Number of protein chains: 2
Amino acid sequence: MAQQSVSSDILMESLFEVFRCHGYEGTTLSQLSEVTGLQKSSLYHHFPEGKIDIVKAVLTYFSAQLHQHVIEPLLDSQKPPEKRFSNMLVTIKAFYSNGKKNCLLNALSLGEAKDEIKVLVSNDYNAWLDALNKLGKEVGMTRRDAEVWSERFLIVVEGTLVVQRLTSNTQTFENSMDYEKKQFLKLCGG
Amino acid sequence: MAQQSVSSDILMESLFEVFRCHGYEGTTLSQLSEVTGLQKSSLYHHFPEGKIDIVKAVLTYFSAQLHQHVIEPLLDSQKPPEKRFSNMLVTIKAFYSNGKKNCLLNALSLGEAKDEIKVLVSNDYNAWLDALNKLGKEVGMTRRDAEVWSERFLIVVEGTLVVQRLTSNTQTFENSMDYEKKQFLKLCGG
DNA sequence: GTCTATATAATGATAGAC
DNA sequence: GTCTATCATTATATAGAC
C-alpha cells in the first residue's frame, strides 16, 4: 500500500468517531489503524503509549471543540441569551448528527474507565454545565433554578441520545431539542 | 480448584452485571468466567455459541425481570396509579443502585450492536414505554400528553444515569427521580 | 456439568528498514 | 513519519477426561 499521511485534524476526527461509537474497551488498534489509514506502528509513533494516549488526545481535541463551538458562544455577551441558546441547539444537532451519533462522554464512561479518562470526561461535562448555569442566571433564573435547569438540560441531551439508539426513531433528538427550546423561552419570560 | 456449580438465577445475575458495566464488545469470556466461577469451557456447555448466546440469555433474563417487577405492577389496576408510579421509582432506584449502576440497554446499544441484540433491547424499551403510556392516559393525560410524558420520563432515567457516571455525584439519580414524582403528581392533578 | 489442556485468531506492542 | 515483520499476550473456541 502507498504511504499514508494525514493532517492532525482529520486524524483526530477519525480517531474520535471510533471511540464515540465503541467506547474505550470496545475500540481496538486495528479499527483505529483502519479509519486513519495508518499502520499500528505509525499510531505508536504519534502516541507512544498506545490506546490510552490516543483516547487522551481525542478527549483533548474534543474539549477544545466543546469550548470553541459550544461554551464560548454560550457566554458571548454580544448576542442575546435566547439566540445563544438556540444557536447551541443547532450546533449540537449537527454534532450528534441529529441523534444518530453517540456522545463521547457516555461512551467513555462505560466499563472500568481509568482515572485519567474520568477526570477529562468530568471536566468537559462540568465546563458545559457551568456555561449553561451562567446563561440561566443571565436570563433571570434564581441560583437554584439555574442549577436545576442546566443539569436537567444535559440529562435530556444524554438521555435522548440513548433513547434514540434504543428505538431507531430518527426524529427523537430533534423533537427533544425543540421541546427544550420552548421550555427555555418560557423560563426566560417567567 | 474445587468444582463449581451455580443456580441459574445467580448465574444470570453475575453475567448480567458484567454486560451492564462493560457493554457487549467490552465484555470478555475471561470476565464472565471469573464472576461466575465457571471455566470458559463450562460456559460453552451452557451457551454453545459463546458470548452472543450469553448476552441473548442475559437480555431474556432482564426482560423477564422488567415485566415482573416493573411493567406488571405498573398495570395492576388494584392499586391507585400514583402509588404504582411511586412504587416503580422505588424499584428502579434499587435496580440501578441509586444511579451507581448502568442501564443494560444503554451499554448494549453501544458499538456495532448485532441485529439480534438490537431487537431485544428495542422490545424491552418499548414494553416499558407502553406501560408508562397507559398509566399516563389512566390518570387523565391526553393521548399526545401521555406519549410525550412517557418518552420524556425514560429519557430522564437514561440521561440521569449517564450524568451521574460523568460527575460521580451520588445524589443525582435520587434527586432526579424525586423530581419526576412531583411532576407526575402535578400532571395527575391538572 | 465441570474440569484441564490445547488450538486458533485477534490484540497490544516493538524492532528496524526506508 | 511511515512501512513490513515479528512477538507476547489475550480472546474465542474446541477436545476429551472425569
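Everything numeric in this text was worked out from a predicted model, so none of it was measured. In what follows, chains carry the letters A, B, and so on, assigned in the order in which the sequence lines appear, proteins first and then strands, with residues in each chain numbered from 1.
- Linking Ile, Leu, Val, Met, Phe, Trp and Tyr residues whenever their side-chain heavy atoms come within less than 4.5 Å places B/Leu129 and B/Leu75 in a single cluster.
- If one axis is set at each end of the helix from C/dG1-D/dC18 to C/dC18-D/dG1 from five pairs, those axes are 10° apart, to 10°.
- Aromatic ring centres of B/Phe85 and B/Phe153: separated by under 6.0 Å.
- Alongside B/Leu110, the hydrophobic cluster contains A/Leu110 (criterion: ILVMFWY side chains under 4.5 Å).
- Residues satisfying the side-chain contact (heavy atoms from CB on, under 4.5 Å) test with B/Pro73, not counting sequence neighbours, are none.
- Nearest nucleotide to the A/Ser41 side chain, out of C/dT2, C/dT14, D/dA15: C/dT14.
- Between A/His45 and D/dC3, a side-chain N or O to OP1/OP2 separation shorter than 4.0 Å is absent.
- Contacts of A/Ser176 classified as side-chain contact (heavy atoms from CB on, under 4.5 Å), with partners at least two apart in sequence or in another chain: A/Val156, A/Thr160, B/Arg152, B/Ile155.
- In this structure, B/Ser33 and B/Leu38 approach most closely via the heavy-atom pair OG-O, 2.6 Å.
- Applying the salt bridge (Lys or Arg N to Asp or Glu O under 4.0 Å) criterion to B/Lys40, with sequence neighbours excluded, gives no partner residue.
- The residues A/Asp178 and A/Lys93 are annotated as salt-bridged, a charged nitrogen and a carboxylate oxygen being separated by less than 4.0 angstrom.
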Atom pairs, N/O to N/O, protein against nucleotides 8-12 of chain D, distance under 3.5 Å?
residue, atom, partner, partner atom, Å
D/dA11, OP2, B/Ser30, OG, 3.2
D/dT12, OP2, B/Leu29, N, 2.7

